[in-house]
Amino acid sequence: MRLVFVGLGKMGRSILKGALERGFLRPEEVGVLGRTPERSRELAEPFGVRPLTRADLGMAERVLIAVQPRDFPALAPEIAHHRLGYISIMAGISTSVLARRLDNRRVVRAMPNLAVVIGESSTALTALKEAREAEDLAFARALFATVGDVYEIPEHLFDAFTGMSASAPAYLAVVAEALADAGVKMGMPRALALRLAADALAATGELLKGRHPAQVKDEVASPGGTTIHGLHALEARAVRAAFYEAVEAATRRGHELGESE
């Protein structure tokens with residue numbers, strides 16, 4: 001087996017789905033390990049992959065760990081194997097902690113975001129030297145390329161990436177909801193307001209791929225017009241400062257998760 005998924009929540013299922021649909025993995029090359037044999041079968045069946053037990057891990061080349069960080073300390077001794085490579089998508093768990101808990105330095109740390117479910121994730125990767133030499137990092141890069149864009153970054157930036165990019169869908173969902181609520185306040189039907197807010201965020205994202213944010217803002221905000229008055233109201237409410245604080249708080253929480261290990 002080329003890859004075993006340990007845990008198969010929303011993120012894990014989306015990664016598996018992308019890898020299968022893009023042809024990077026075939027079902028017979030993939031195993032799934034759940035909490036119990038029954039759970040393994042339940043998780044594996046929709047994808048046609050192999051349900052596994054702990055004893056089967058030795059047949060694999062690599063393991064993708066997709067469990068909650070709080071579950072990792074108890075899980076690690078059960079899945080540790082000297083000849084496997086490991087890829088983790090657990091927030092806050094550093095490569096040094098992974099290596100220590102697994103007694104294995106072939107570890108890659110990955111951080112996708114919720115857009116993985118539509119194949120549009122931004123995924124950060126970093127790895128220890130042993131994982132690079134064993135081509136685990138190259139494997140991870142190809143795997144996550146099936147569900148979006150991949151960025152190899154230094155590990156000291158990982159918590160900031162988590163606090164900004166990985167958390168961004170939640171921040172922007174709040175922005176969209178607030179825009180829609182404001183439209184409703186002005187008399188717009190809620191369904192229409194929600195659709196317009198979603199369309200605006202999606203279209204702005206496309207614009208920002210080719211323009212600096214300030215250029216987009218300036219192109220919309222004409223002198224004395226409606227938009228510049230709206231922007232003044234946002235600045236009066238310190239919207240920029242609120243985003244600074246949100247990213248800082250999320251980054252700090254990532255540090256705390258790592259320190260607990």
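As a basis for the values below, the full set of heavy atoms in this structure was taken, side chains included, without hydrogen atoms, waters or symmetry mates. Position 1 is the first residue of the sequence, and the numbers go up from there.
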Carboxylate-amine/guanidinium contact Arg106 Glu133, below 4.0 Å: no
Closest non-hydrogen atom pair, Val108 against Ala140: CG1-CB, 3.9 Å
Electrostatic pair Asp181-Lys185, nearest N-O below 4.0 angstrom: no
Distance-minimising heavy-atom pair for Leu102 and Ala76: CD2-O, 4.0 Å
Atom CZ of Arg50 with >12 non-hydrogen neighbours under 6.0 angstrom: no
NZ/NE/NH1/NH2 to OD/OE distance under 4.0 Å, Arg109 and Asp159: yes
Test salt bridge (charged side-chain N to carboxylate O under 4.0 Å, His left out) applied to Arg211 and Glu219, step by step: CA-CA 10 Å; Arg211 292 172 168 83; Glu219 287 180 359; 3.3 Å; yes
Cationic N near anionic O, under 4.0 Å, Arg54 to Glu78: yes
Pair Phe144 + Phe139: ring centers closer than 6.0 Å: no
Nearest atoms (heavy-atom pairs only) where Pro51 meets Ala44: N-CB, 3.8 Å
Derivation and outcome, salt bridge (charged side-chain N to carboxylate O under 4.0 Å, His left out), residues Arg41 and Glu45: CA-CA 6 Å; Arg41 288 193 292 272; Glu45 185 177 2; over 6 Å; no
Heavy-atom pair of closest approach, residues Ser222 and Ile228: O-CG2, 3.9 Å
Distance-only polar pair, side chains of Ser94 and Glu155, donor-acceptor under 3.5 Å: no
Shortest non-hydrogen contact from Leu84 toward Asn104: O-ND2, 2.8 Å
Close side-chain approach of Val247 and Ser167, heavy atoms under 4.5 Å: no
Summary of side chain to side chain donor-acceptor pair (under 3.5 Å) pairs that have at least one residue in residues 140-152, sequence neighbours excluded: Arg132-Glu152, Arg141-Glu152
Residue pairs, two or more places apart or on separate chains, that pass ring pair (Phe, Tyr, Trp, His ring centres under 6.0 Å) and touch residues 109-132: none
